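Notes to accompany the following structure.
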Amino acid sequence: MAMTQLISDILEILDDGQVQHLTYDNLLAFHHGHAVWRLSVGYRAMQAAGQTLSHETLWDRKFLFIVSAHPGPGVRDAIEFVTRCVSRKQFQLLNPQQPVACHQHMEFRW
């Protein structure tokens with residue numbers, strides 16, 4: 001039988017030299033929308049990427065630039081909550097002409 005490890009709810013990132021302890025509950029309060037599934041996928045994907053790619057130090061928000069292929073508000077809010085890249089103008093859509101509304105042919109790329 002395969003065992004799976006539960007990922008902690010907490011995500012840590014540096015902001016101005018201070019460690020920020022982010023939680024999924026805080027992300028839900030930040031979102032104020034209905035795209036909870038995409039919000040969840042975005043949060044967990046960034047959490048997994050951080051655990052995989054940040055072996056020596058935590059990511060620092062000021063050095064991050066995000067390129068996303070998904071224009072939906074849930075993913076975008078998760079990215080903003082964790083990285084602050086949207087408000088810092090360090091966020092770019094891979095295809096800016098793609099409609100903001102999600103549709104059946106949309107895919108996630110990380």
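Please read these numbers as outputs of a predicted model, since none were measured by experiment.
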Any donor-acceptor N/O pair, Gln90 side chain to Leu64 backbone, under 3.5 Å: yes

Quick check: closest heavy atoms across Leu11 and Met46, and the distance to 0.1 Å? CD1-C, 4.3 Å

Measure the shortest side-chain to side-chain distance between Ile13 and Asp60 over non-hydrogen atoms and say whether it is less than 4.5 angstrom. no

Identify the heavy atoms of Val36 and Tyr24 that sit nearest to each other, and give their distance. CG1-OH, 3.5 Å

When rounded to the nearest 0.5 angstrom, what is the spacing between OH in Tyr43 and CG in Leu28? 9.5 Å

Which value, rounded to the nearest 0.5 Å, describes the distance between Ile66 atom CD1 and Thr83 atom OG1? 5.0 Å

Out of curiosity, does Val86 fall in the hydrophobic cluster containing Leu14 (side-chain heavy atoms, cut-off under 4.5 Å, transitive links)? no

Pairs where residues 64-85 contributes a residue and the test salt bridge (charged side-chain N to carboxylate O under 4.0 Å, His left out) is met, not counting sequence neighbours: none

Any side-chain heavy atom of Arg61 within less than 4.5 Å of one from Gln20? yes

Do Val82 and Trp59 make a side-chain contact, defined as non-hydrogen atoms from C-beta onward lying under 4.5 Å apart? no

Which atom of Phe91 lies closest to which atom of Phe65, heavy atoms considered: N-CE1, 4.1 Å

Check ion pair Asp15-Arg88 (N to O, under 4.0 angstrom): yes

Atom pair NZ (Lys62) and SG (Cys85), whose distance is rounded to the nearest 0.5 Å: 13.5 Å

Nearest atoms (heavy-atom pairs only) where Leu27 meets Ala78: CD1-CA, 3.8 Å

Val75 and Ser68, any side-chain heavy atoms less than 4.5 Å apart: yes

